[in-house]
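For reference, the structure discussed in these notes is given below.
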Amino acid sequence: MPLRKLVIRLLPLLLAIALLAAGCSAGEAAQAFTAQTLDGGSFTEKDIAAKDLTAINFWGTFCSPCIAEMPDLAAFEKALPDNVQLITVCTDAQGNEGKAKALLELAGYEGITLVSGDESFQSLLTDIQAIPTTIFLDSSGKQVGKAVIGGQADLSGVFLDAMNKALQEGGKKEISLEA
């Protein structure tokens, strides 16, 4: 797919995620938002508030590094304790739902994948410069810690360190991965 067409298709999702991040990066709580999941459900700021920390991984079906790290993401997500979560945003899922589902299934990822959302959700995408990228939100929806760019040799270790630093910033207890 030509880059111009891809950008045009991604723009609504990118705008939604960017709007959410705009509030997050400014140190404010996330605005109310609604996003649609790949399985037809919905995800809102209440789902973020229910956890001490939410990691959001941005990826695309066209992105080889994204696909390569997906099995590691799947294993990491399954090992997380209940007070934290890792979700994904497939930046090109609209119109590619079948391909996105097949890639996630092949990787063993069973967590939440967001595919579209309202204006408030769309704003989160504007701060994402490359994929795969993972950001971290505290329970108020504020972005905490540093974003992790994909291609990490020890994805699990890098993510665990980043999550624990973000939890410490918020005065929360560090986590360890379930055995």
Only pairs under 3.5 Å count here: list side-chain donor-acceptor contacts from residues 62-74, not counting sequence neighbours, and write none if there are none.
unit_1	atom_1	unit_2	atom_2	d
Glu69	OE2	Asn57	ND2	3.2

Set of residues satisfying side-chain hydrogen bond (donor to acceptor under 3.5 Å, both in side chains) with respect to Thr61, sequence neighbours excluded: Asp92
Taking side-chain contact (heavy atoms from CB on, under 4.5 Å) as the definition, give me every residue that meets it alongside Glu169, ordered by chain and number, with sequence neighbours left out. Val144
Lys51: salt bridge (charged side-chain N to carboxylate O under 4.0 Å, His left out) partners, not counting sequence neighbours: none
Rounding to 0.5 Å, atoms CD1 (Ile87) and OG1 (Thr113) come to a distance of 8.5 Å
Scanning both residues in full, the closest heavy-atom pair of Ser42 with Asp47 reads O-OD2, 4.2 Å
CG of Leu177 to CG of Leu80: how many Å apart, nearest 0.5 Å? 6.5 Å
Under the side-chain hydrogen bond (donor to acceptor under 3.5 Å, both in side chains) test, residues paired with Thr44 that sit two or more places apart: none
State, with a plain yes or no, whether a side-chain heavy atom of Cys90 is found less than 4.5 Å away from one of Trp59. yes
Decide if atom NZ of Lys165 counts as having more than 12 heavy atoms of other residues, nucleotides or ligands within a radius under 6.0 Å. no
Say you draw a straight line from OG1 of Thr34 to NZ of Lys46; how long is it, rounded to the nearest 0.5 Å? 8.5 Å
I need the minimum non-hydrogen distance between Leu137 and Gly141, along with the two atoms involved. CD2-O, 3.7 Å
Atom pair OG1/CG of Thr88 and Leu38 - distance to nearest 0.5 Å: 8.0 Å
Is there a side-chain contact between Asn83 and Ile175, using heavy atoms and a 4.5 Å cut-off? yes
Where Ala55 and Thr134 come nearest, the two heavy atoms and their spacing: CB-CG2, 4.0 Å
Tell me the ring-ring contact (aromatic ring centres under 6.0 Å, His included) pairs involving residues 79-100, sequence neighbours left out? none
Pairs in or reaching into residues 66-98: which pass ring-ring contact (aromatic ring centres under 6.0 Å, His included), with residues at least two apart or in two chains? Phe76-Phe159
Residue pairs fulfilling side-chain hydrogen bond (donor to acceptor under 3.5 Å, both in side chains) with at least one residue in residues 144-157, sequence neighbours excluded: none
Under the side-chain hydrogen bond (donor to acceptor under 3.5 Å, both in side chains) test, residues paired with Asp39 that sit two or more places apart: Thr37
Do Phe43 and Ile48 pass the side-chain contact (heavy atoms from CB on, under 4.5 Å) test, and can you show the C-alpha distance, the side-chain angles, and the key distance before you say yes or no? CA-CA 9 Å; Phe43 188 88; Ile48 290 173; 3.9 Å; yes
Please name all residues satisfying side-chain contact (heavy atoms from CB on, under 4.5 Å) with Asp161, sequence neighbours left out, ordered by chain then number. none
Only pairs under 3.5 Å count here: list side-chain donor-acceptor contacts from residues 98-110, not counting sequence neighbours, and write none if there are none.
unit_1	atom_1	unit_2	atom_2	d
Tyr109	OH	Leu86	O	3.2
Tyr109	OH	Ile112	N	3.4
Tyr109	OH	Ile112	O	2.9

So Leu167 and Phe136, do their side chains get closer than 4.5 Å, heavy atoms only? no
Taking Glu174 for its side chain and Met163 for its backbone only, find out whether a donor-acceptor pair lies under 3.5 Å. no
For Gln36, which residues count as a side-chain hydrogen bond (donor to acceptor under 3.5 Å, both in side chains) partner, sequence neighbours excluded? Ser116
